There are 2 protein chains.
Amino acid sequence: MFCHVAPRPRNAEATRAAILTAARERFARESYDDVGMRDIAGDVGVDAALVSRYFGSKEDLFVSVLDSCDNGGELMAGDRGDFGRRIAHEVIYEGKSESKLKGLLILLRSIGSTKAMELVQRTGNERFFNPFAAWVGGPDGAVRARLAAAFIMGMTVSREITGGFGLSPRECEEMERRMAVILQDVIDA
Amino acid sequence: MFCHVAPRPRNAEATRAAILTAARERFARESYDDVGMRDIAGDVGVDAALVSRYFGSKEDLFVSVLDSCDNGGELMAGDRGDFGRRIAHEVIYEGKSESKLKGLLILLRSIGSTKAMELVQRTGNERFFNPFAAWVGGPDGAVRARLAAAFIMGMTVSREITGGFGLSPRECEEMERRMAVILQDVIDA
DNA sequence: CCATTAAGTCACCGGGCGTTGACTAGCGGC
DNA sequence: GCCGCTAGTCAACGCCCGGTGACTTAATGG
């Protein structure tokens, strides 16, 4: 029987990396609770036991995933005067594909889970809010950072809830324009 | 043994209402997946089987809960010129207690759950987005409604993530002021 | 005061989860 | 060309979940 068509060469490091990648994508698409060890293992083509072996508990794996994507860093990379336009475009149009905001998406997905909440809170503050607030700076930097972050998260949530935005292309453009202005105002003022 | 201290008088209607209330509060505090039938039953002081009996499946119960709180209606009640201030105050200060936005909070809590997602989407659109968009009205009403709703949701999520906002009272005031202005601008323009 | 009916409980099922220890199979060194 | 080591599998465990049918108990009407 030619069962195993591509038996995956034995390489612990590569397999470990593949698991981590698969887990990252899963956690970006589903919540902490909805993602199963067997799902992740299935994506890679290995047994679920191997995932536990390599990463310890599911919570440990989640931490490893959070470690593996530099949360928030993507927000601050780029021209500051273009922040609003850049983020608005990212959130509205690039959200579906390989978004640079994947780290944020993972955090948002698992908001509801009490099991992941503590990790989400800590990671969100340490790697997202605090650096972002510092980057925003100026008078009431923390306040303005929180407003901007909330807006970005809210738009992301809105997109996820409605599956896209359910708006015409023209309306999407208008929304992008308005979102960019609001964001930029918050950052600048 | 005086085990049953208050044996709850036998009244199906009252018990049913008590279960519904308990479920509503549970779903407002935890996600769909994290809330168990046994939890709700325990809050009321009855057996979990009774919850199933009265409301059918867990999903049916969730629907009943969503039906029981008039989502979004609270948003549009009040002076339109005061919308920004009213909602900002509600989200920033009254969120912890018995918020009038509980219906929205329930939807937000269960975003991650694939099991509840469909219901959340439908309810969110039917009872929240669409009436709100109509209420906002004017040019690009749908777009502006979505922006405002996203901002409100984002601020709520931000509050939940960080457990309060972790800001000084002065900063909270500043945030409230800024949030009110942004919201009002979106509604007006 | 008892029979009937509805309100509520109890034990239990099937299923899915994360996790573990025993096992198998492929690769590197002698 | 065999051996040991390790990557990977397999079966199973314990747990908790939502849901169901049989049972018990309290109120009610005659």
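Note that the coordinates shown come from a computational prediction; the quantities given were computed from them, not determined experimentally. Chain naming here is simple, since letters A, B, ... match the order of the sequence lines and numbering starts at 1 in each.
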Should B:Arg127 and B:Asp67 count as an ion pair when the cut-off is N to O under 4.0 Å?
-> yes
Measure from CZ on A:Phe62 to P on C:dC17 and round the result to the nearest Å.
-> 18 Å
Ignoring hydrogens and angles, are the base of D:dG18 and the side chain of B:Arg38 linked by a donor-acceptor pair under 3.5 Å?
-> yes
A:Asp47 CG to D:dT6 P: how many Å, rounded?
-> 20 Å
Using a cut-off of 4.0 Å on non-hydrogen atoms, how would the nucleic acid contact of B:Tyr54 be classed: base, sugar-phosphate, or nothing?
-> sugar-phosphate
Once you round it to whole Å, what is the distance between P of C:dA6 and CG of B:Leu50?
-> 15 Å
Which whole-number value in Å describes the distance from A:Glu13 CD to D:dA7 P?
-> 11 Å
Note: for B:Arg53 and A:Val46 on DNA chain D, the residue whose nearest nucleotide lies more 5' is A:Val46
Spacing between B:Asp34 atom CG and C:dC17 atom P, to the nearest angstrom = 15 Å
Provide, to the nearest angstrom, the distance between the NZ atom belonging to A:Lys58 and the C1' atom belonging to D:dC15.
-> 14 Å
How many Å lie between CG on A:Asp39 and P on C:dC17, as a whole number?
-> 7 Å
For B:Asn11 and C:dG8, give me the distance from atom CG to atom P, rounded to whole Å.
-> 8 Å
Is A:Arg144 salt-bridged to A:Asp188, cutoff N-O under 4.0 Å?
-> no
